Each structure stands twice: as structure tokens, then as C-alpha cells.
Q: 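The structure follows.
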Amino acid sequence: MDRNQIGKWLKNPGKMANKYSFHVVYFCTGCGIIEVPPSITTRWDAERFGIIPVATPRQANLFLITGYVSTKTLAAIIRTYEQMPEPKYTVAFGSCPINGGMYYDSYNTITSLDKYIPVDGYIAGCMPRPEAIFIGVTHLWKLIDMDKADGYKRYREDYVHYRANQEQILGELDWPPLFSKENL
Amino acid sequence: MSLELLLIIAFSGAFLTYLSGKISSQLRDGVAVLISLGLVAIVSFLYNVQTETVFYQGFFGISLILRMNSLAWFFAIAIVSFTALCIIYSLSYMKDCERSNYYYFMMLLINASMLTIVLAGDLVTFFVAWEIMSWSTFLLISYNRNGALQAGIKYIVLSLIGSMCMLVGILSIYTSFGTVNIADVANHLTPSSVGYKLFLLIIFSITFGIKNAIMPLHTWLPDAYAESPSPFSAVLSGMLTRMGVFGFLLIMYVIVGMKTTLHLGRGFLSFNTILCWLGAITIVIPTFIAMLQNDAKKLLAWHGIGQGGYMIVGIAFGTSLGAAGGIFHTLNHATYIVLLFLSVGAIEYSTNGLRDLNSLGGLFKKMPIAFFGGLLGISGLIGVPLTNGFVSKWLIYKTLILGNAPFLAFAALLGTWGTVLSVYKFLHNLFLGQLPEEHKEIKKAPLTMQIPIVILSFTIILFGILPGLPLKVINSIIVAAGFQALDINIWGVTSETGTLNMLNIFAAIAVFGAIFWGIFKVARKSTPVDQYDNYAAGAAVPKNKYHYTVEYYAPFYRMGKPFLKDIFDMFYNRIAEAIGSICDSVRKIYTGYVGSYVMYIVLFIASLIFVQLTWSIF
Amino acid sequence: MNIIALFVSPLIALIAGMFFLGLSRKISARIQWRYGPPIYQPVIDVIRSFSQKSITHGKFFDFGIILSLSSSFVLILFLPIGKLCALTSGGLIAFLYLMLMGPFGIALSGAAAANPNSSIGISRKFLLALAYEVPLLLVLLTVMTHYHTISLVEIVNIQANSGWAFGSWALILPGIAYLLILPAILGMRPFEVVGAAQEISSGPIAEFGGKHLAFYTLQHALHVFVGIALFVDIFLGGWTFFGLLNPLAGTVWAVIFGIIIFLLKMTLVLFIGLFVNAVYPRFRIEQAMQYLWKWPTLISFVGLIIVVLTK
Amino acid sequence: MVNPILLIVVPLGLAFALPIVNLISKKIIKYIPVLAFLFNLILSLLLIPKVLEQTIIVKIGGFHPPFGINLFVGPVGILFSTLIALAGFLVSIYALSYIKEGPKEKYHILYLLLLTGATGVVLTGDMFNLFVFFEILCISSYALVAYLGNKAGIESSIKYLIQGSVGSSLLLLGIGLLYGQLGTLNMADIANQINSISSPSIFVPMIFIITGLGIEAAIFPLNAWLPDAHSSAPSSISAILSGIAIEVGLYAVIRVIFTIFNASSFLMFFVFLGVLTLLIGEMSAFSQKNIKRMLAYSSIGQIGLIMFAISLNTQLGISAGFFQMISHTLGKGLLFLSVGFLIYKTGSMKISSFEGIGKKMPITSLLFTIGAFSIVGLPPFAGFASKFMIIKAALTTGQLLFTVLIGVILLGTVIEGAYFFKVIQSIYFKGTTDIIKRDEAPLIALISMSIFVLLIIFIGVYPDFIARILNSAASEFINRIDYIRSVLG
Amino acid sequence: MINELKQKLLANFNDVQVNIPEDNRMTVNTKKESLLSLVSYLKNMGYNHFAMLSCVDWIDDKEFELIYIISAYPQDDEHYQDKEKKNILLKTRISRVKAKFITIISIFENAEPYEREIHEMFGIHFEGHPRLTPLMLERDYKIPPFRKDFDTNKYVENTFGKVPSIKERKEGKK
């Protein structure tokens, strides 16, 4: 928690500000969302780290994927992720986004989310408790410090690959590709 | 450059345009534009010329006079320039309409008659020109056939009532003083009784109230504006309805004289307090009715009535600041209401006739100039600082507050906030928001439509930042009317009870605007995005269904709907039906049987003889 | 004096505004038994927003937000902060109209974003503005007629020597009415109808990303500052504190202490708003309009009648 | 010095010579009325300057006035004869192209007789002579109303005949009573002896005479015949009836009241009767579907206005009344003539059938609009000048009663404006918008109508041109002693 | 009460086996031809609540077993206890190859979505069904997913692709 070290602020305000003001997209994708309200209210109070749930993805920079992802929800997740402004981080809860979890052989559950949108971190636990979420957030701080939380950069560099995966699952997408040649 | 020559050019110009229209439409357009611009040039040459010429003696020996003074010049330059702009605008608006010769003839005829009204030195010329203006407006309002006919009849009946009142007023002056010359009447009138002055004021203010659409007499205005062709409704709302204000100025300041009008009537019930309160009501109620309208031109029409209230309050309050505010507001209102009607006309032209507020949207991407004009027009209407509306409203508010009439000031300020809401609905539903699919390939407004819009927007900003230019002329008007002068400088009004300096407001906004525009540019570049890449909770944006317009202020509608009906309109319709039924019953007298006719004759004789024998009154 | 004020007052306003935002989040958190973010959290949010790469719906979308922020700063110049008042042209009427420019700019860019959430948000913002404008206008008219002037500086000076307006029994009622509508002006909880995150996903700013969101936060901070400062100037006599500063009159210290006293009074007033904000659920827009048109309007109307009669 | 008697003799002679000319060749008979009234017009124009200096008394058969019949050609007489000659001349030009079928020579004879009767009534100085010419006028108008021969024409002419004959018998009865008491038929002589005898014995003949003449003058209770007669007569005839016949009837009533009986107190009753006639006329015209009935009711309204003006009993009032007569003759004549061809081309008198006619017959509808504007009293036209004078006259009396009555009259004008503008709207702004071939009225008719328009605009713009003759006409009525002295010597 | 119903059923229908495993639950096995008449008979008897339709894939004897669960709401519901609710399970067997059956929408309107789901998941075609469009699945499957011969792992393998192993994730290979 190096929020009060002025030196770091002066050296790299953008990164520090990103670390200590996570605006979370309040969009429940799976069963884990039930853990988010207790973490932002009185008992665990995420706001002390600057974490507030925000209504629109436009204002957010952290995207929590809380649980298994069905093909229908995937379309909404991709669209919301693409609507978030650039330095954006994704954290997935539980094992379902990693390898499909207990729905590993279900005919309409995504087995690994990382193919479709870049995921910066996973939090173990079927569904992780609020303390686990905070630990995840602290790890995310470290990743940002080490510039390892570069999901959005990966998304932009090989967007063609991501897009192909998405089209392979969802068929013809009805929103234009986010990065065409000129605004890469 | 004598005044008669000016009027001869104006009237003959109208006939010339009609005739040249017979030859070819291009020639007619050229002649019409030439004449209107020529008139603008001539009138601008007549700046602070004080002449008075008798131009005709033949009418019952009354000498008909044309005089030019600062008040006349102020209105004349406004009339001629707005009509010129509207004619340039209608070159393309009326390109393929039927009977366009008739349209141009009527426009120039109305322009000429308005000029004569303003230059009239005596009441008979004033009345003759007033009548010519009324019936030619009637003919032009009913130009758009079906819906417009009802609007035309309603207009002509009300304006006939008005002109008849004025005729009685003029003739009672003529008979009691023997002269109709406005200057002589003014000094003849001072010694006469208060009752007679009150009678004259009431009669004349009925006429000018109908024309300027003060609250109880306003019912003709919404239909007339909505149904007439857009360039004409621009002229109609811009200058024609403000002839009522010119009339009020004439009767209250020139004829009856400013000092006497202030003390007419006892205490609270004095003439100009009642007029102020009528003006205040006219500000508030129409502005909130405007919010409910779904037709763009109806909404602007109701605002025309509302803004008319400001002018009346300004003029009727009786202080020099108020009068200056009222007169300046007349000019300002004319600029931005003409601009708004022209931009609505541009939309009407490119979406061939569609002006329903619920089915348009997002046009600012396709028609930038019309949008630019609309934006500046509504900011003028609200009175946003840096526009001319702000300066004149500021003058009016200052008079009301410092003239310790807080309730009037409250009504005026409330009117402004009502304007903000309804005018924003106008801009939002027409220009902003989602562009519907069928309007995807709308083409821009043609050049002749864009020139007037750009010129008018420039004048709004110019008079907003440098109000000194028009205020100097207005200052000479109110001095001529007997008020003490305001010390005007180029960028505002300086007085010990609060100065208005538009320049430093402009400088502040410019500086801060530049700073933050710079910061905005320096910060990370933002990626442009299409209107369908929008936040919709993860879903795809449905086409044609994602623009919120119907019942824009739904909560207020539910609360205000029962109170915001136009009760006067319903009342007048009931009177019209009553008269119609009386007429039918009266016609029944002519039954069609010869027997009853002969019986009438015999009864006539019998009754006469009986009356003579019993009371012998003959 | 005024030239310095041209630079100083915007800075003070900005810093104080951000401080108030942070303070309000901290105090609401404290009331809800949780630690809450540090006081300087809004500053972090602004820096974070600036570092993000936002989207734009066209040049007019940017023009609206720039217009609103610059007009809010111009508004500060018209406000007497302590002894400093940069521009006095046009007085309270010009101030009222400039107050309108901020929300108008946001409304323009919100609508240009072609998102129904923002359109609904804007229509609610204007309805709420119409609702609280009625009592606000009555309050300001009462004050102006009572002091028979339209310039704010004069109102502050009159109060300097004749005691706070809130103290004089003639202006008690307008003061109370102003306090009743303060949450509505600041857009706080009972009247947080405009930026209701749950219902219309934060209303007009639904499409505001990185730097647009930063500009909006700054504008919101200034708007909060102006709302409270207007109350302090008109009713609590700006920089005066029962003649405390008379001995220092004329020196630089008087100006500095004047500003400090002014800011203290503002924090006091902010607390009132915050306590209401932390406790109340959100009104529906009809309830908000009915409330604002019922009690505050009645009180301010009676206040105006009293002032008119006793003058 | 040309003898004014020719004004009556020439048209009378030609009327009777017409059947003989008819035997020679059918074509030239329709030019005879044109010649007759051209002669009359020129003669009366020549006489105007002489008459203005000194009224001409023509003694027929050399007998001195109390015994022989004499013509009294004063300013009023010459004014009316010029008006009749002018209107007759223009309508006869119009009739050249309008009257195509039916017994044409009978039409022209009756037409000549009607107008000679009218000229005779205007110029005569003898009561019985007045009755004779009055009879010629009425009978020829009964016949002309039935000229079209359709059911409506015949039915309305019968109704007109019955009421007219009741009127004439009352008139004859009144003259008989007068003759029984005073033993003389000469107007000046009666006027001289009138105040020597007690009032009831004078009042009864006066009422009879006034009612008799009043029926022709279309005063309120007596004018029930007018709507049917004017609407079913051919348009040229209804133009003459509305333009000339009613005015001549009204002249006779005024001559009787002012000069013979000097019953100025009776005039106050006439003021209210005039206002009542105006209101009844305007109101019943308001919701009319048939264009000619509407114009007929509007004539009743205008007559009411003239009665109100004249019964103000002031120099200004009477001249304003005469001015209104002139402008009504011109305006209503123009309206009836233009409507004539509108009906001829569209085939029906319904206003709804006129929709869009403005495109097919632009000039005729333009003439109709100018006529309507003049009748309603809009500025550049004659109607406005006359209304201006009437209101001025009413207000110079200064009594509150007249100001209130003026208010009521102006309300009537508003109603009149309303229904006229509805018609104008349906002509120009209804019906199809596609371009249709022009189908104009014949050239001759357009010429006569445009002369009307020129006169309307000329008098409207320069009313002083006829002001002198109007004032002398009014003074003739005001000071009746000069009348008596000039006739009896 | 349930026993008289058993007797009645046995009397009216010949090829019907009825047994009552618990006090108020009864299973009835019938041929597919007489199922419709049985359902309408039961409905007239007062069993008017169609609870659900499910299907079992007996892959080894190549048959689908359709199970219609029908129950009755007790007439007087003042003292109604849950355990009294009587359920009847109608079972019938149809062949697995080109499986088709008749729809019972004419009797029980609310069977429509159930039949659509069974059609989507098992591929049984119901004649007379107004719209046998897909209910929940987005993509079309060669073998309907709920059939036993649908190999889920292989399907997941080739639609969602192989889950990258930890080693692969480390090198960041996509």
C-alpha cells in the first residue's frame, strides 16, 4: 500500500492513480457477484482502497468476471470489455473461467476465458470470499507495478487472434472490430 | 433620398416581382432579391435622418405624412433586413412550390406595408398600412391549404376586430381634435380628460394586444405560425407580430406621452400595472404550454407569445432602463426566432415536410449549419450570456427588481426557466441523439438557406458581446420619448446600481475556454466512435428505437397537463359556435311563405300607428 | 485587488471543491461505519481518469463538456470569496444565468452521445433544476429587494457592518428555504435523481470516459463549491465574523483570514447537506418536484411577502 | 342648354322603338341600351356643373308648379341620375355577352324601362309622378326577376310581385289621403302647407307612403322579398337591383321624410331600424351556402348601414350615406357581375363548387376579391373611404349612443369580413393543385368589370373628387326651405 | 382412493400395467398408441394439472422413454396437506431411430415448451406441434446434446478448443 509515497506519485502518477482508484464494472457475469456487495459495504469496505462499483464500463478500469461464462454471457462480456477505456484490468473468480471448472464438459460453457478476452489475474476459490478479493487486488497492484498487468496491451496487439476466437464461438458478431488497421 | 421614393420602390417592387415571375422564375428571384437588398441599402442610408414630408392630400383633405425618426429607423432597418434574409432563404425553399410568384408578391407587399406602418406620420396612413398588412398576411397564412385555412380565418377575424377598434380610436381622435398628425395629437391630448386618455389607451392596446398576442388575445398565433410556410412564419414571428410592440410604443410614449400613462388610474389599478401583469402572465403560461407541443413550429410559436410578454413588461414598466430593455428585446427576439424558424424550415426542406419532434433526431451530424443556427437561436432565446437575449433580459430584470416589483421579476425569471426546458427539448429531439435510419442520407441545406442562418447567428453573438451598437440607437429613441438617457458604452450599460460589462464576461469565457480546450487537446487522444457503439448494458443497440423523445418531460406532463390547456382558445371557439347558431336562428326570419312577409308589412304599419297614437313620440 | 483575485479565486475554488468532494465521501463512509477513502481520493480519481484513453462521439460531444467546465470557472470569478471578487459586471442576475451554463454544457454533450440513459438523465436534471429554481428565485428576489441591490459584493459589504442576513429576522425564512433546497442544488442523496447510478446508469455522464469524466468531476466539484458559497455569501455574510477581523482591516492578513473564515463556514454548511445525504434514500423525480414546490416555495414566498410589506 | 327631360325621354323612346328595330334586325337591339345610357351618362355629366350652381326646374307643358308637373333637377337628382346612367351603361355592356338565350328583346325593353323608371323617380318633383315612375320601376323588375323562367325565378318574382303590389297600393293610398287634405300633388307645395294641419292626420299618410317606398328600399321588416328576388334573377339584373333599385327606393323614403314631411324626430327610430337591418342582413348572410343569396343578404346589411348614416340628420352624415350608396353600387355591382360568370362557368351557385376556381378563372376571381375587399371596407378601396366618413359622421355627433351603435356596426363588419374571407379562401386555397387550362369570362364582360374596379380604386384613393357634389346633395336635404322657394318661386 | 382409480384403469384399458410404489403416487406404463386416450381419460377424472414431460434415453435397448407427470389439485383446499397431492407418471416407450410422437397440446395447452425442449435436447419430433423452433440452444448440434451418444468431451474439445496447459500459459502461447 504505497499510496502515501509522494515520490512514486511524482515519478509515475498514471500508474499510481490507476492502482489506487479502481472503478469496478458492476456487471454480474456469474455466481460470484454475491461476494461483491459485502466487500463494498460496511464490513469489508473496499472504498478505503479507492474501489467503487460504477454503472457504465466507460468510467471503469477493473472488470470482475465472477464465475462460469456461458456463450450468451460471453457476447455481453466482450462488448462491455471493449467499451472500457484503455488501461483496463480483468480479474476472474474461481476456476470456471480457467478451464470450465465443474462445467468442463457442458455444451454451452466457455472452457477458458483467456482465449476471448485477456485476463490479468485469477482469484482461487469457488467463490472467493471478500478477503480473497482484497488479496487479489493487492496482487493486481504488484502486477501493475511490474507492468505485468498488460491484458489490454495483449488484446490490442493480437486483436485479430482474439477476434477470430470470438467469431469461432459466437458466429458472425454484430459489432464492428474494435481495432481496425488505422487506430491500432 | 425621400421617403416617398422608398415606399414607391417597395410597393412597385412587389408588383414588378409578380410580373417578372410571369416571364421566368430566375428573373423573379433576381428581382425579388435585388429589391429587398436595395431597400436595405436605402434604409441604412437614412440613419439618424429626421425628416417629415406630406405625401398626399387627397383623402378627405387629411394631409398624410411620412416621418423618419430614430424609432422609425430602428424598426425599419429590422423589417427590411429580416425580410431580405427570408427572401434569400425562400429562393431555395420555394423552388418547386406552386404559385411562388404569388408568394414573393405577398412577401414584398407585407414588407412594404410594414415599412409604411413604421414611417407613418399620421394615424390614417398608419391604419391603411395596418389593414393592407393584415389582409395580405391572411392571404399568405392560408397559402398551405388544408390546415392553414382554419388558422387564416381565426387570424383575420381577430385582426379585423383589432383594426375596427383602432378605426374607432383614430376617428374619435380625428373628430375631437380635427387632426390626425401624431405630433399634433400628442400635444392636443395632454389637456384632455383622464377618462378619454384611458379610453384611447384601452382601444389601442386591444388592437396592439391582438397583434402582439398578449395572453387573452393570443389564440390565433400558434396555428398561424405553424401552418404558414417557414420563411413567412419567420417574417411573421420576427417583425410582423412586433408591429404590436411598435404600436404600444407609439400609443404609450408618443401619443399619450410617457408621464401621463404612468399615473393613469388609481394606485394599483393603473393602466400600466395591469399591462405589466398581463405581460407577466403572457411570459409564464405560454412557455410551459410550449413544453407540451410535439410540433417544432408550434413550440416556437408558443415561445413567440412568451417572449412577447417580456417586451410588454419592459415597455409598460415605465422606467428608461425598462423601455430600453423592452425595445432591445424586440430586436433580439426577432433575430433568434427568425433564425429558429429558418433552421426548422431547413429540416422541413430536407426531410420534405417532417417537423414532428418525436420522429427526428441526430441531425447535427448531417446538417451542421442548421444545427449551429438552432443552437445559437435557442441560446439567444434562453438568454445565455454572450448572446443578445441575455443583455435585454438583464435590462428588464434589473428594472423589475430595482423597481421593487419582485413578483413580476419572479414571473419573468420563471418564464426563462420554462424556456430552458422546452427549448432544450426542441434542440434535443430535433438535432441531438440517435440519427434514425431513414434520415441516414439526408443532404445538407442548400447554400441560399445557409447564408441567412450564418448571418443571423453572427448578429446574435455580435450584439451579445457588443450590445453598445444597437443600444446607442435605442438610447436616442427613449430620449425622444422623454426618458432620461442611459450611459451606454460599446460593451454594456454602466450605472451606479450595477453595471453590465459584456466584454469581460466574453474575455473570461474565452480565456478559460482556450485553457481547457488546450488541456483537452493535450490529454490522451480519444478514439471517435459510431452512434451504435453505445453503452446498452452489454446488449446491441437496437436501430431506430434508441432515441428518447416521446413525452420528454413525462413527470411534469402528468403534473401540469390539466392546468396547461389553452382555455382562451376553447372559450373563443365556444363564442364562435354561439354566434353561428344565432345567425342560423336569425336567418329563420325569412321563412319563405309570402303570407308571413305581407304579415310583417301590415304589422309594421300597425305598430307604428299604435305607438304614435298612444305615446306620440314622433 | 481584483487582478490577483482573477488567478487566486479559481485556484481556491478548485482545491476547496475537491476537498469538499473527498470530505463528503469520507463523512458518508464514516456514518456508514466504514473507514472510507482518503480525503484526496477525488484527486486520485481525476488523475486516473486523465490517464485513461476515452471515446468521443464527435466534436460537439467534446465541445459541450469544455463549455461546461470553462463556464463553471467563469462563474467562480463572479463569486465573492472572502474579500476577493474578480468580476462584478451584471451582479446576481448574470450569476444566475452563468450557473445555468454548466449543466447546459453537460446536457449538450450528454445528448450528443446519443444514449437514452443520458437523455433521460438530462430531462430529469432540467426538471429538478426547474423544481428547485422556483424557491431559489424567490429566495434571491427576497434578498435583492431587502438590500435593494443586485450585486453580490454589495450584499456582503452590507452584511459586514449590519450583521449576518441569517441573523436579521427579515431574512430568516429565505435562509431556511435555501437550506431546504441545498441538497437539490448540490445533487445530493435525497435529490440524486440526475446521476442515479442504478436506474439510468449515472445519467448524463453515461458515455463520459477518461478525460471527459475528469472534466465532469472538476465541474461537479466547482458546482458544489458554488452552491454552498452562494449561501454563505448571501446569508452568512461572506468573510465577516462578528467584527473579528476589524483590527486587521486593510492588511493582507485580513484577506487571508477572510478566506479561511469563509471556507470554515462553507464546511459547516456542507456538513448539514452531508448528514441529510448520508441518511436519505433517493426520491422519485415526481416526489422531488412535489416536495420542492411545496414547503421551500411556501416558506420563501411568505419570506418575500414579509420583505415586500415591511420595506 | 340641354333640357334634363331628355334624361327620361330618350331611354323611354328607345324602349318603345325597340320592337320596331327588332323587326328590322335581331342583332343590333342589344346595343340600344348601351347607346341610351351612354347618352344619359354624357348628358348628366354635362349637367353636373350647371346644377351645382343653380338647381334646374323643368316645367312640363308650361304650367306653373302648383298646377303642372315639374322636374326638380337638384344636386341629389343629378348625382343619382349619373350613378344610374353609369351603372346601367356598364351592366348593359356586361349583358352584351351575358344574355344569350331567352326572349332577348323583352329583356332589353324591360331593362330600359326599369332604368327610366329609376331616373324618373329621382328627378320628379311631383308626388303622383313619383308613384308612376315607381310603378314602372317595380313592374319591370318583377318581370326581369322571372326572366330565367326556371321554377325558382318564377316563384320569387311572384312573391316580389305580391309584396310590391301591397307596397304600391299603400303608396297610392297615402298619396290619395294627402291629396284629399292638401289638394295639391306637387312636393314643394305639400312641403309648404305640411305644418298647417294637425299631426295625426299627417302621420297616417306619411306612414303609408314610407312603408310603400320602404318595401322597395329593403328596410328590415319589409325586405323579405330581396333574398329570393336577387338570387334567382340573372346576375346582370341582380346587379342592377342591388345597385340601383334599392338605392332609388331609399332616396324616395329620404325625400319623403326630409323634404316633404320634415319628420326629423322620426329619424331616431330610423337609426335603430338601420342598425337592426345591418345586423339581420350580416347575420343571415353568415352561414349561407348559396353565393347569390349571401350577396343579397349582404346588400340588406349595407342598406342598413346607409340608413344609419343618413338618419344621423347632419350634413356630414347624409353625405357619408350617399358616399356609402355609391361605393355599394360599385362594389355590389362588381360582385354580382363577377359571380355571374363564375356561376356560368361552374354551373352551380353553391360556394363549395367554387373551390379552386381561382386557377381556372384568375381575373374574374381577382375582380371578385377586390369587390369583396371594397364591400368589407379594406383600405385602398372605396368601401373604406365611405366607412371612414360614416364613422367620422357618427362620432362628430359626440353622443355616446352613436359611439355604441358604431361599435355594433363594426361587429357586423367583422361578421361580414369573416364570411367574405371564407369565400375567398375557398376560391383560391381549396380544390386541385394541378395546372388546369384557363377558361376566362368573355372580354366584354371583363372590360365592364375592370371599369368598375378602376372607379372603386379611384374613388377609394381620391374621395375628394366627389366630395363637392356629396356636400351640396346633403345640403339640399338639410335646408328644405330653399327647395320649396326654388320650386314655388 | 388411488386404488379404485387403479381398478378403473385396469378395467378400461387392456394393455396397461399399473403399480403404486407409494401411497399417493402411481406409475402407469402404456403403449404409445393408447397414451392420448389415457391422458384425456385422466383429465376428465380430475387430474387436470400437467406437471412436466421428461425423457430417458435407454440407448442399449434403442428406445426413448417419455414420462408424463400429471397430478390433481384437491377439490376442497381448506385442509389440503402437501403429502396428499397425488401424482401419476405415465410412461411410454418409442423407438430411438427417427424418434417421433404425437403432441398432447390439444389436451394440455401448457405442454408446448416441454415438448420443444425435448425436441431440442433429444431430437424427438412431435407431430402437430405449432412451433418446434430451438428454445435455449444457440447453435445447431448434429447429435442433440442430451442423447447418450453425444460425447460431451469431444464436443467441448472441438468447439471450445483444448484448455492450454500451465506450461503453455506461461510462455503466453495462444
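Residue numbers begin at 1 in each chain, while the letters A, B, ... track the order of the sequences. Computed from a predicted model, the values in this text were never measured in an experiment. Computation of the quantities below employed the complete heavy-atom set of this structure, encompassing side-chain atoms and omitting hydrogens, waters and symmetry-equivalent molecules.
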Q: Please look at C/Ser123 and chain B and tell me whether the side chain, the backbone, both or neither of the residue comes under 4.5 angstrom of a heavy atom of that chain.
A: both

Q: Picking from C/Ala114, C/Ser70, C/Ala113, which has the most non-hydrogen pairs under 4.5 angstrom with chain B?
A: C/Ala114

Q: Is a side-chain donor or acceptor of B/Arg524 paired with a backbone partner of C/Phe50 at a separation under 3.5 angstrom?
A: no

Q: So do C/Ile305 and B/Phe407 actually touch side chain to side chain, heavy atoms under 4.5 Å?
A: yes

Q: Quick one: does B/Tyr552's side chain have a donor or acceptor within less than 3.5 Å of a partner on C/Ser119's backbone?
A: yes

Q: Quick one: what part of C/Ser71 sits under 4.5 Å from any heavy atom of chain B, side chain, backbone, both or neither?
A: neither

Q: Below 4.5 Å from any heavy atom of chain B, which atoms of C/Leu127 appear? Answer side chain, backbone, both or neither.
A: both

Q: Does any heavy atom of chain B fall under 4.5 Å from the side chain of C/Ser201, the backbone, both, or neither of them?
A: side chain

Q: Checking C/Phe61 against chain B: side chain, backbone, both or neither under 4.5 Å from a heavy atom?
A: neither

Q: Can you confirm whether B/Phe516 sits close enough to C/Leu67 that some side-chain heavy atom of one is under 4.5 Å from a side-chain heavy atom of the other?
A: no

Q: For C/Ile122, is there any backbone N or O sitting under 3.5 Å from a side-chain donor or acceptor partner on B/Tyr424?
A: no

Q: Go through the atoms of C/Leu87 and report whether side chain, backbone, both or neither lie under 4.5 Å from a heavy atom of chain B.
A: side chain

Q: Quick check, are the ring centers of C/Phe301 and B/Phe410 under 6.0 angstrom apart?
A: no

Q: Hey, are the side chains of B/Ile401 and C/His148 touching, using non-hydrogen atoms and a 4.5 Å cut-off?
A: no

Q: With a 6.0 Å cut-off on the ring centroids, do B/Phe390 and C/Tyr97 count as close?
A: yes

